[in-house]
Amino acid sequence: MVAQLLRLKVRLLGNAFRRSPWQIVGVLVGLAYGLAIAAVLVTVLVGARFVDDVTLIRDACTVGGALVVLGFFVMPLLVGIDDTMDPRNFALFGVPTRSLAGGLLVSSFLGVPAIVLGLALLATVITWSRGIPETLLALIAAGALFVTCMLATRVSTSLASLLLSTRRSREFTGAAGVLVLIICAPIGVLLLNVEWSRYGLDLVGGLAAILGWTPMGAAWAVPGDAATGEWATALLKLLVALATAGLLWLAWVALVARMLVTPGREAAARQYGGLSWFDRLPHTPAGAIAARSITSWGRDSRYWVSLIMIPVVPVLVYIPLTIAGVPEHYLTLLPVPLMCLFLGWTIHNDVAYDSTAIWLHVASGTRGVADRIGRLVPTLVVGIPLIGLGSALSVFFYGDWGPLPAMLGVSTSIFLTGLGFSSYTSARFPYPATKPGDSPFAQPQASDTASAIVQSLTFTGAIVLSSPALLGLLLGIFVDPYWFMPALYYGVAMGLFVLVVGVWRGARAFERRGPEILASALRA
Amino acid sequence: MTAVLPTALPSVTPDRPAAAPRPKKRKPVAVIERATVELADPLAPVVVRASGLVKRFGPTTAVSGVDLEVRAGSFYGIVGPNGAGKTTTLSMITGLLRPNAGSIHVHGIDVWAKPVQAKRLIGVLPDRLRLFDRLTGAQLLYYSGTLRGLDNRAVRERSADLAAAFGLEDALNRLVADYSAGMTKKIALACAMIHSPRVLVLDEPFESVDPVSAVNVTEILQKYVASGGTVLLSSHGMDLIQRVCDHVAIIVQGTVLASGTIAEVRGSATLEERFIELAGGRKVAEGMEWLHSFSD
């Protein structure tokens, strides 16, 4: 069974290479990334062999290692991995549970994360090769850790697919995962600013003392404890580690047994009353498309991720700049234009988000203008209050109402030029997007250089065309407040101009290339 | 409404003489029976005329020179084995897939030269394309109707009628993403009809639709045809085609091997027998004896 499942996994990996050249590039990039990480880890760990401060190495290993184990358990829950080796796929073959569980576990050893982990664990054996008993303990601990991490992933993936089997909960956790990851970024930045030289060692030591006794960290502490001469502690922790692996194995077998007899759960359907947005907006094609767009923004997790990103981006930019010493006074003017930039850019591939459902627009001969304008509406609903209120708040915190016109000009310019570019590119150059219902993390099967060009073009285009307004704002602040008004005039005029041209060209492209848009959605 | 489908067809005799030495070789130029269409009204105008349709995907040719003539008020079925080019042909007729060569006229309007005018006349049910499934059934109907240019009142009235006709009243306020396959098919069918088109082009309209609903849908379509509408549909179900359609075209490997009224195409055999003969004959399953001795 193990051999068969391994062969299946190899074949699945091999077939990934046969889909398209870009898929191969993707796999190779992933592999290169993984190997690079492995190389760094191995170098550090082997290098640690020649460091004499055994306690420090032990504590660092324990804390870092505990995070790794946690990561192997949590990532599948957050990311919602699409599991090709889901036990349920084998339900009809009548394989004994235990051998199926073992086979699936072993087949999960083939994969970039597993390979990186394996190499790093082998390196820890070298780190602790300070005597025969230490080396032996390190070897046993490494083996236990490898199995523990793999089992943790399998168990959490299965739990996720068992518990989160409804469409709604799956999409929700996907979006929540994105949010968590984004929130983690500023925490990382903050952690970098802790005065490690002063408090770092105590912090790591204290954490390691606790984590060393938990299932996550025990195995990592075993060889270190042995090396520091605490043999009894080492053996006790080894017991914890082995028990962890054993319990996870039992949990995994039980889960497989459970999943084999639990088919996918039906979604509990919710009732929605009335036509909601379709009632409130004009009863025209453009109005209906706008209503449909707003509805999608509210119900589709892919749009949630875009919306979550918009307020977070300024924070991500803000923190490093503050740390770098840019005066906060000027930074208050930054968030609104940045959010406008991302909001305008959000819909640059909007048509591809519809996937093949776009056939309805093509088959009903929808006017391009109606399609373009309808898709703009949700961003306008968010963007106009954002520019108005946001600019006012910014200058309020800035402490001087002088730059308000220029702020409005810059934001309007960035927002509307962004929408203009997006209106054109989403009709003319749709590129594969995450499919409806997939996890927001799931990458589309085929993406190519064209998509990268489209992305960067719409992004930089808005900045370049808005730079005169931005210049007006800067001149107004640093040279002469006279420049604030020209920035407003320029920003509004440029924004409207690009928006009109973008909608016009986009509408033409949409009408002429309807079948091609559908064909590209079918290829994706 | 009876839940039982009439089994009008004498089913194909299950055991043909096993003596047939080897599977019949495919003859692509089998008898082409493109007789002049004769039906209730043989003089009815041609409403869908496809000539010389060709579609290539890279090196493979999916459709090579399909000609079709569908007259007003006919119920026209396209049958063919898997991968024969049925969906490709219908997609080109509805303006969803640009042909490499050939032309399509619907009520005299060239679909690919004047797409907007032509598309107004056509109702489409594509196969295996997504719907805007984050909308509820009611919203999707409303959306389809509005895109087709109907006004608010007409859309609402027709949505209610269609929901009643297709038995979807209870599902209207649920997301289409949560529908079963058959319900999705029915709501898509309803969306295809909402603008009362002159021609309905339906790709596999009965796939995964339960028998009761299939009878319902058939009845709706028959009334539509009786009042002058035209239906062009594709199906695997030979039984169904023979029962509901008056005309049929058999497409194999991207070409029309036979077309005309059901009677003309099937000759003395059943439609299924004729189809199997044209599609390359039945493969006689040899060397499957192990299947008759069970492994435990």
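Quick note on labels: first sequence line is chain A, next is B, and so on, each numbered from 1. Please read these numbers as outputs of a predicted model, since none were measured by experiment. Just so you know, these numbers use all the heavy atoms, side chains as well, and skip hydrogens, waters and symmetry mates.
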For the [atom1] atom of [X] and the [atom2] atom of [Y], what is their distance to the nearest 0.5 Å?
X      : Y      : atom1 : atom2 : value
B:K119 : A:T366 : NZ    : OG1   : 8.5 Å
A:D300 : B:F132 : CG    : CZ    : 11.5 Å
B:L147 : A:R367 : CG    : CZ    : 13.0 Å
B:R148 : A:L360 : CZ    : CG    : 7.0 Å
B:T146 : A:I289 : OG1   : CD1   : 9.5 Å
B:Y142 : A:R292 : OH    : CZ    : 15.0 Å

Which pair of heavy atoms, one from B:Q139 and one from A:S276, lies closest together, and at what distance?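 For B:Q139 versus A:S276, the nearest heavy atoms are NE2-OG, 3.5 Å.
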Closest non-hydrogen atom pair between A:P436 and B:R130, with its separation: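 Taking A:P436 first and B:R130 second, the nearest heavy atoms are O-NH1, 3.5 Å.
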Under 4.5 Å from a heavy atom of chain B, the part of [X] involved:
X      : answer
A:E511 : neither
A:L522 : side chain
A:A363 : both
A:T284 : backbone

Count the heavy-atom pairs under 4.5 Å between each of [options] and chain B, then report the option with the highest count.
options                        : result
A:S296, A:A370, A:G287, A:P285 : A:P285
A:G365, A:A286, A:P515         : A:P515
A:A291, A:G298, A:A521, A:S364 : A:S364

Can you confirm whether [X] is buried at [atom1], in the sense that more than 12 heavy atoms of other residues, nucleotides or ligands lie under 6.0 Å from that atom?
X      : atom1 : result
A:W297 : CH2   : yes
A:L92  : CG    : no
A:R512 : CZ    : no

So which residue, [options], ends up with the most heavy-atom pairs under 4.5 Å with chain A?
options                        : value
B:T136, B:T94, B:L96           : B:L96
B:V124, B:L140, B:V116, B:L135 : B:L135
B:P126, B:A138, B:P197         : B:P126

Which donor-acceptor pairs under 3.5 Å do side chains of residues 50-58 of chain B form with protein atoms, sequence neighbours excluded?
from  : atom 1 : to     : atom 2 : distance (Å)
B:S51 : OG     : B:S103 : OG     : 3.2
B:K55 : NZ     : B:R98  : O      : 2.8

Heavy atom to heavy atom, less than 4.5 Å: which residues from residues 151-167 of chain B reach chain A?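 B:N152, B:R156 fall under the 4.5 Å cut-off.
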